[in-house]
Amino acid sequence: VERIVRIDENSRETRADVADIKAELRSVRNTVGEHERRIIKLEEADKTQWKRIDEIRESIKIGGTE
């Protein structure tokens, strides 16, 4: 009977640990998702800035002030 009680207690602890791990994993997934969205926005902004720089370079070349 004592062995069964210990096994039951261990399985409860294991279930609690697994629940904690799952909760932590959900939190990490959310954080990664937020970071991914932010990186995408930064990449888009970077592309826009380089496009503007190229346009300015072209306008300088066309204007003959280079």
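By convention here, the first residue in the shown sequence is residue 1.
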Asks: So, taking the atom named CD in Glu2 and the one named CD in Glu9, what distance separates them when rounded to the nearest 0.5 Å?
Replies: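 Output value for this atom pair is 10.5 Å.
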Asks: For Asp46, check side-chain hydrogen bond (donor to acceptor under 3.5 Å, both in side chains) against everything at least two apart and list the hits.
Replies: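 Expected list: Trp50.
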Asks: Applying side-chain hydrogen bond (donor to acceptor under 3.5 Å, both in side chains), which residue pairs with at least one partner in residues 21-43 are found, sequence neighbours left out?
Replies: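 Sorted result for residues 21-43: empty, none.
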Asks: List the residues meeting salt bridge (charged side-chain N to carboxylate O under 4.0 Å, His left out) with Asp8, not counting sequence neighbours, and say none if there are none.
Replies: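 Scan of Asp8 (salt bridge (charged side-chain N to carboxylate O under 4.0 Å, His left out), adjacent residues dropped) gives Arg12.
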Asks: Through direct or indirect side-chain contacts below 4.5 angstrom among Ile, Leu, Val, Met, Phe, Trp and Tyr, which residues connect to Val1?
Replies: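 Hydrophobic cluster check, Val1: joined to Val5.
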Asks: Given Lys51, which partner from the list Lys47, Gln49, Glu55 fulfils the side-chain contact (heavy atoms from CB on, under 4.5 Å) test?
Replies: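 It is Glu55; the other options fail the test.
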Asks: Quick one, Arg57 and Asp54 - any side-chain contact, counting heavy atoms below 4.5 Å?
Replies: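 SC-SC contact between Arg57 and Asp54 confirmed.
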Asks: With a 6.0 Å cut-off (strictly less than), is the heavy-atom count around CD1 of Ile53, excluding the residue itself, greater than 12?
Replies: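 More than 12 within 6.0 Å, yes.
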Asks: Kindly compute the distance separating OG1 (Thr14) from CD1 (Ile7), expressed to the nearest 0.5 Å.
Replies: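 Rounded to the nearest 0.5 Å, the OG1-CD1 separation comes out at 11.5 Å.
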Asks: Which ILVMFWY residues can you reach from Val28 by hopping between side chains whose heavy atoms are under 4.5 Å apart?
Replies: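 Taking Ile, Leu, Val, Met, Phe, Trp and Tyr as members, Val28 shares its hydrophobic cluster with Val32.
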Asks: Only counting residues at least two apart or in another chain, list the ones meeting salt bridge (charged side-chain N to carboxylate O under 4.0 Å, His left out) with Asp20.
Replies: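 With sequence neighbours excluded, Asp20 shows a salt bridge (charged side-chain N to carboxylate O under 4.0 Å, His left out) to no residue whatsoever.
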